[in-house]
Asks: 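Encoded as structure tokens, here's the structure I'll be asking about.
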Protein chains: 2
Amino acid sequence: MTRAEQKERTRRAIINAAFEQLSADKSFASLSLREVAREAGIAPTSFYRHFADMDELGLTLVDEGGLMLRQLMRQARQRLINNTSVISTSVETFMEFIMRHSNVFRLLLRERSGTSAAFRSAVAREIQHFCAELADYLRKENQCSAEQAMIQAEAMVILVFHAGADALDASDEVRQKITEKTILQLRMLAAGSQHASL
Amino acid sequence: MTRAEQKERTRRAIINAAFEQLSADKSFASLSLREVAREAGIAPTSFYRHFADMDELGLTLVDEGGLMLRQLMRQARQRLINNTSVISTSVETFMEFIMRHSNVFRLLLRERSGTSAAFRSAVAREIQHFCAELADYLRKENQCSAEQAMIQAEAMVILVFHAGADALDASDEVRQKITEKTILQLRMLAAGSQHASL
DNA sequence: AAATTGGGCGTACATTTGTAAGCTGAAAGT
DNA sequence: ACTTTCAGCTTACAAATGTACGCCCAATTT
């Protein structure tokens, strides 16, 4: 095995260890370098061969999380071909995502309002991608102004994100309720955005 | 000075010290018992005379924060007498609140998706009060079903909260933009909720 | 073949943390 | 006047943390 390969491998081990330890009761901030190193199976000081500090690791995690989100979006758009309702398909796809990758979602959710400005803007950037693509879709669909579309898209993303946060801790049954509620909220927004007098 | 008075006084000192230390770069979770005690001007172990642990203090802070929120709501309703637009008055009042008590707002914002289930549900409860009162208002105003009103109210509160989070770090100018955007979003919701076919 | 590089390790240290144990002195109760 | 109560203090300790320093040895380069 080549040296670069091995290095990449332990780098992944660190990243995976970090994701692994994130949970409902464990935020990234409460993660210690030593804990991550332990989980990754390396000595604490070896951590520095890959990241300058925990912040650098954290930003990497946020980037990866954002990447996964964008993949999710593509997936949702593919589903649209076979399904008429944009809104319900999107919300349901999102719910599947947060269940499958709850740790990733929790990271983004928390660091969005976390203590590190770098983290906050990193998450904001990822969400912005999300909004921009949705706005683009809305503008084409509804033939409204780009600004109007963006404002609507942002509201939609906020609502869906929040619904995801609630759904994380909920039972299957409650999560279904939340999904329906969110769909209704998005439809309110969609209907209202068509109104001339705002 | 009576003994009970003195005890209450240091209790307040602890609470105030905790609020004082919350900031953009310091969450409650990253607050240590010793730090708070130092700021409050007492010995670390004296902390235990007032709270069993940091969690108990944190829940107290959340309660106080919720109380302040409800006071804010009353204030907004009083302003309504002299002003026609419910939505813009409410959003503007909210923005004033988060600027004046940014530490309090940050606490609620973060612990809403924090690592402690007790904190999360405490914050959720406070926000629920907010929603319930708003829903009541909407129901009377729009003569819609209680359920519909609640769904709309929740969406509104989520959007306003999120706008507040963005506004915290923003300049006066940007904050104004955010305020206008949020008002527009709420109007979309209000207009859309009147649509029969959802 | 020899020299260099670099990932991983063990040791070590200064800090910070939560909290246990026990003392003190003034307020409150008798 | 006495005893009791109790908020606050000092001291003490074990645990955990970030990270500096230097060694090792296999992959790479020369």
Side-chain angles (χ1 to χ4, degrees), chain A residues 1-23 25-62 107 110-111 114-119, chain B residues 1-23 25-62 107 110-111 114-119:
Chain A
M1 186 189 320
T2 162
R3 188 130 87 173
E5 269 174 1
Q6 180 55 42
K7 174 155 188 180
E8 183 56 25
R9 195 169 298 190
T10 47
R11 185 187 146 93
R12 290 281 358 146
I14 293 174
I15 291 174
N16 291 338
F19 269 131
E20 203 67 37
Q21 303 207 330
L22 292 178
S23 70
D25 346 282
K26 197 107 189 167
S27 72
F28 181 78
S30 74
L31 225 63
S32 79
L33 184 150
R34 289 176 107 107
E35 260 177 318
V36 173
R38 215 177 301 134
E39 175 90 11
I42 59 171
T45 49
S46 299
F47 179 94
Y48 295 107
R49 303 287 188 199
H50 303 271
F51 301 96
D53 49 28
M54 285 293 285
D55 277 11
E56 203 172 292
L57 169 61
L59 289 176
T60 304
L61 296 188
V62 171
L107 175 76
R110 284 177 178 151
E111 298 311 327
T115 53
S116 156
F119 277 44
Chain B
M1 185 189 320
T2 160
R3 189 130 86 171
E5 269 174 1
Q6 179 56 40
K7 174 154 188 182
E8 183 55 26
R9 195 171 297 191
T10 48
R11 186 188 147 92
R12 290 278 2 145
I14 293 174
I15 292 174
N16 291 338
F19 269 132
E20 203 67 38
Q21 302 206 330
L22 293 178
S23 71
D25 344 285
K26 197 108 190 167
S27 71
F28 181 78
S30 74
L31 225 63
S32 79
L33 183 151
R34 288 177 107 106
E35 261 178 315
V36 173
R38 214 177 301 134
E39 174 90 10
I42 59 170
T45 49
S46 299
F47 178 93
Y48 294 108
R49 302 288 187 198
H50 302 271
F51 300 97
D53 49 28
M54 284 294 284
D55 277 11
E56 203 172 293
L57 169 60
L59 290 176
T60 305
L61 297 189
V62 170
L107 175 76
R110 284 178 179 150
E111 299 310 328
T115 52
S116 156
F119 278 44

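Every chain is numbered from 1, with letters handed out A, B, ... down the list of sequences.
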Asks: Which atoms form the tightest heavy-atom contact between A:Val36 and A:Ala17, and what is the distance?
Replies: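 Smallest heavy-atom distance, with atoms named: O-CB, 3.8 Å.
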Asks: To the nearest angstrom, how far is B:Glu35 atom CD from C:dG18 atom P?
Replies: 9 Å
Asks: Regarding A:Thr45, tell me which of base, sugar-phosphate or nothing describes its non-hydrogen contacts under 4.0 Å with the strands shown.
Replies: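 Since a base atom lies under 4.0 Å of A:Thr45, the category is base.
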Asks: With a 4.0 angstrom cut-off to heavy atoms of chain B, pull out the first and last contacting nucleotide of DNA chain D, in 5'-to-3' order.
Replies: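 With heavy atoms of chain B under 4.0 Å away, the range is D:dT5 to D:dA12.
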Asks: Give a yes or no answer on whether the side chain of B:Arg110 reaches the backbone of A:Gly114 with a donor-acceptor pair at less than 3.5 Å.
Replies: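 Side chain of B:Arg110 to backbone of A:Gly114: a pair is present.
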Asks: Is it the case that the side chain of A:Gln6 and the backbone of A:Arg3 share a donor-acceptor pair, with hydrogens and angles ignored and the cut-off at 3.5 Å?
Replies: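 No; zero donor-acceptor contacts below 3.5 Å.
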Asks: What is the separation between atom CZ on A:Phe51 and atom C1' on C:dG6, rounded to the nearest whole Å?
Replies: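 One finds 17 Å between C1' of C:dG6 and CZ of A:Phe51, rounded.
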Asks: Which pair of non-hydrogen atoms, one from B:Thr60 and one from B:Phe51, has the smallest distance, and what is that distance?
Replies: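 Scanning both residues, the minimum pair turns out to be OG1-CE2, 3.6 Å.
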Asks: Near DNA chain C, under 4.0 Å by heavy atom, which residues of residues 3-13 of chain B?
Replies: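 DNA chain C contact set from residues 3-13 of chain B: B:Arg3.
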Asks: Would you kindly give the CD1-to-P distance between B:Ile42 and C:dT19, to the nearest whole Å?
Replies: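 So the two atoms are 14 Å apart, to the nearest Å.
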Asks: Check A:Ala13 against A:Ala40 and note the closest heavy-atom contact, atom names and distance.
Replies: O-CB, 3.8 Å
Asks: Which pairs count as side-chain hydrogen bond (donor to acceptor under 3.5 Å, both in side chains) when at least one residue sits in residues 37-54 of chain A, sequence neighbours excluded?
Replies: A:Thr10-A:His50, A:Gln21-A:Glu39
Asks: Given C:dG8, C:dG10, C:dT17, identify the nucleotide with an atom nearest to the side chain of B:Arg38.
Replies: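 Nearest to the side-chain atoms of B:Arg38, counting from C-beta on, is C:dT17.
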Asks: For the residue pair B:Glu111 and B:Ala29, what are the closest heavy atoms and their distance?
Replies: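 For B:Glu111 and B:Ala29, the tightest heavy-atom pair comes out as OE2-N, 4.4 Å.
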Asks: Rounded to the nearest 0.5 Å, how far does CG of B:Leu61 lie from CD of B:Glu56?
Replies: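 The CG atom of B:Leu61 is 11.5 Å from CD of B:Glu56, to the nearest 0.5 Å.
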Asks: Side chain of A:Ser46 only, heavy atoms from C-beta on: which candidate in C:dT19, C:dG22, C:dG8 is closest?
Replies: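 Shortest atom-to-atom distance from the side chain points to C:dG8.
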Asks: Taking for each residue the nucleotide of DNA chain D bearing the nearest heavy atom, is the 5' side occupied by A:Arg49 or by A:Met1?
Replies: A:Arg49
Asks: Measure CE/B:Met54 against C1'/C:dG18 and give the value in whole Å, please.
Replies: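 Atom-to-atom, B:Met54 to C:dG18, this comes out as 11 Å.
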Asks: Which comes earlier along DNA chain C counting from the 5' end, the contact point of B:Leu31 or that of B:Thr2, where each point is its nearest nucleotide?
Replies: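 Of the two residues, B:Leu31 wins.
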Asks: Between the base of C:dT15 and the side chain of B:Arg34, is there a donor and acceptor pair under 3.5 angstrom?
Replies: no
Asks: Can we say A:Lys26 and A:Glu20 salt-bridge, meaning some charged N sits less than 4.0 Å from an Asp/Glu carboxylate O?
Replies: no
